[in-house]
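Notes follow the structure.
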Amino acid sequence: MIIVPTYNEIDNIDKFIEEVFKIDVSLLVVDDNSPDGTSSYVENIMKTHQKIYLLKRNSKLGLGSAYRDGFKWGLNKGFTHFIEMDADFSHSFEDLLKILDSSHYSDVVIGSRYISGGGSTGWDTKRKILSITANNLSKLLLRSKINDMTSGFRCYSRKALEEIEYFKTNSDGYSFQIEMTIRSIAKGLIIKEVPIIFYERRLGNSKMSKSIVLEALLFLLKNGLKRWLNIKIN
Ligand SMILES: Nc1nc2c(ncn2[C@@H]2O[C@H](COP(=O)(O)OP(=O)(O)OP(=O)(O)O)[C@@H](O)[C@H]2O)c(=O)[nH]1
Ligand SMILES: [Mg+2]
């Protein structure tokens, strides 16, 4: 199943769901009571379409928290694979097929911008530097071999989520992805990076904020220190 967290994605959600219809995959939208009516749109579609589900939460609680609730929902329903994807078309459905292919042979598939064949388009220099720095810093501080630690385009198997104990994570922005990655490594899961192209959002507003960047930085410093002092991550 695809899990897509949404906050004010009314400009994208219709086209996103149209793309999902073209492939035979279930979709769970985790919406945080978006003022723009994203959830009402999904509720309407659900009247006539199976395989589209909505988890509506009362307030904006963050991306990591949306995935934690989404994973819990999907595991309870018996789904076997859990794809993380953004609603704003930054992640392409073409790359999704590649991720799905690899999910048969790995516990965790990470759509990577920083391996051969991957990349990003449409980002300004500031955003590019931020992303590259975050990834290089993550690799260095956490001594990780994964090239795209912050990618939000991934697939986890049921086994992976259970072993990672995803519910023990507590970060919400980019650091949620880093946290899930280091937990996957610590559990010795089979992780495969496949190249993806990240496209800058076309419609709607970014939810990126200074506090998300700060959260990631603090997370990296804390966990980098633990890693270098050989303290177990649990
Ligand atoms: N449910 C929920 N979804 C969120 C929240 N924050 C972001 N999202 C969704 O998570 C996905 C990624 O958020 P974006 O705002 O696109 O973040 P980003 O890709 O780093 O920023 P841009 O490149 O500027 O788009 C989108 O589908 C958002 O709607 C949140 O607090 N709750
Ligand atoms: Mg985005």
Side-chain angles (χ1 to χ4, degrees), residues 1-20 27-43 52-74 82-93 95-96 110-114 118-135 138 148-154 169-180 196-217 219:
M1 71 179 307
I2 300 172
I3 302 177
V4 68
T6 56
Y7 192 74
N8 285 346
E9 296 290 2
I10 197 73
D11 293 330
N12 293 307
I13 197 67
D14 49 348
K15 290 173 268 318
F16 189 90
I17 292 177
E18 257 171 50
E19 290 300 317
V20 174
L27 171 71
L28 173 69
V29 178
V30 185
D31 187 70
D32 282 357
N33 203 10
S34 300
D36 71 356
T38 303
S39 59
S40 317
Y41 182 86
V42 179
E43 273 162 0
I52 306 287
Y53 305 94
L54 173 70
L55 188 60
K56 197 171 158 183
R57 310 192 307 166
N58 288 334
S59 58
K60 190 173 185 307
L61 296 169
L63 182 98
S65 141
Y67 277 124
R68 281 186 288 273
D69 282 356
F71 292 151
K72 186 177 174 189
W73 186 97
F82 302 82
I83 296 145
E84 292 183 4
M85 202 169 170
D86 290 355
D88 57 0
F89 287 91
S90 283
H91 301 143
S92 78
F93 280 82
D95 286 339
L96 173 63
I110 300 180
S112 179
R113 295 159 291 184
Y114 303 117
S120 53
T121 67
W123 266 358
D124 57 24
T125 316
K126 196 173 131 202
R127 200 63 201 273
K128 261 191 197 146
I129 292 173
L130 182 66
S131 176
I132 291 171
T133 310
N135 273 287
S138 303
D148 199 339
M149 309 272 294
T150 57
S151 172
F153 197 8
R154 298 171 172 224
T169 62
N170 47 37
S171 44
D172 270 318
Y174 294 121
S175 44
F176 170 69
Q177 305 300 356
I178 305 173
E179 194 175 12
M180 288 289 284
I196 58 144
I197 304 291
F198 182 97
Y199 301 87
E200 174 52 335
R201 152 194 296 283
R202 277 175 298 177
L203 299 168
N205 294 325
S206 172
K207 280 103 220 166
M208 243 281 276
S209 66
K210 282 206 183 86
S211 65
I212 287 179
V213 177
L214 193 67
E215 182 199 22
L217 196 64
F219 179 89

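Remember, it's 1-based here, ligands and their atoms both numbered in the order they're listed.
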Atom indices of ligand 1 within 4.0 angstrom of Tyr174 heavy atoms, with elements: 20 (O)
Is the distance from the Mg ion (ligand 2) to the nearest N/O/S atom of Asp86 under 2.8 Å? no
Are the side chains of Phe93 and Val20 in contact, using a 4.5 Å heavy-atom criterion? yes
Is there a donor-acceptor pair closer than 3.5 Å between any side-chain N or O of Ser151 and the backbone N or O of Ile110? no
Using a strict cut-off of less than 4.0 Å between a Lys/Arg side-chain nitrogen and an Asp/Glu carboxylate oxygen, indicate whether Arg57 and Asp32 qualify as a salt bridge. yes
Suppose I only count heavy atoms of Thr6 and a 4.0 Å limit; which atoms of ligand 1 are within that range? 1 (N), 2 (C), 3 (N), 29 (O)
Heavy-atom distances under 4.0 Å are what count here, so tell me which part of Arg57 touches ligand 1: side chain, backbone, both or neither. neither
Minimum-distance atom from the Mg ion (ligand 2) among N, O or S atoms of Asp88: OD2
Need the ligand 1 atom indices (1-based, order shown) with element for anything under 4.0 Å from a heavy-atom of Leu63. 10 (O), 11 (C), 30 (C), 31 (O)
Can you check whether Glu215 reaches Ser171 side chain to side chain, under 4.5 Å on heavy atoms? yes
Glu9 heavy atoms, cut-off 4.0 Å: which ligand 1 atoms fall inside? 26 (C), 27 (O), 28 (C), 29 (O)
Please examine the side chains of Asp172 and Leu63, heavy atoms only from C-beta on, and report whether any two atoms are closer than 4.5 Å. no
Quick note on ligand 1: atoms under 4.0 Å from a heavy atom of Arg201 include exactly 14 (P), 15 (O), 16 (O), 25 (O)
Which of the atoms of ligand 1 are close to Ala87, meaning less than 4.0 Å from one of its heavy atoms? 27 (O)
Report yes if the side chains of His91 and Phe198 come closer than 4.5 Å at any heavy-atom pair, otherwise no. yes
Using a 4.0 Å cut-off to any heavy atom of Asp86, which atoms of ligand 1 qualify? 11 (C), 12 (C), 19 (O), 27 (O)
Going by the closest heavy atom to atom 31 (O) of ligand 1, which one wins out of Pro5, Ser131, Gly62? Gly62
Heavy-atom distance under 4.5 Å between the side chains of Val42 and Asp31, does that happen here? no
My understanding is that only one of Gln177, Arg154, Arg113 makes a side-chain hydrogen bond (donor to acceptor under 3.5 Å, both in side chains) with Asp148; could you say which? Arg113
Heavy-atom nearest option to atom 23 (O) of ligand 1, drawn from Lys60, Lys56, Arg127: Arg127
With a 4.5 Å limit on heavy-atom distance, are the side chains of Ile2 and Leu96 in contact? yes
Selected option - heavy-atom contact closest to atom 32 (N) of ligand 1, from Asp32, Asp31, Val29, Ile13: Asp32
By number and element, which atoms of ligand 1 are closer than 4.0 Å to a non-hydrogen atom of Glu200? 23 (O)
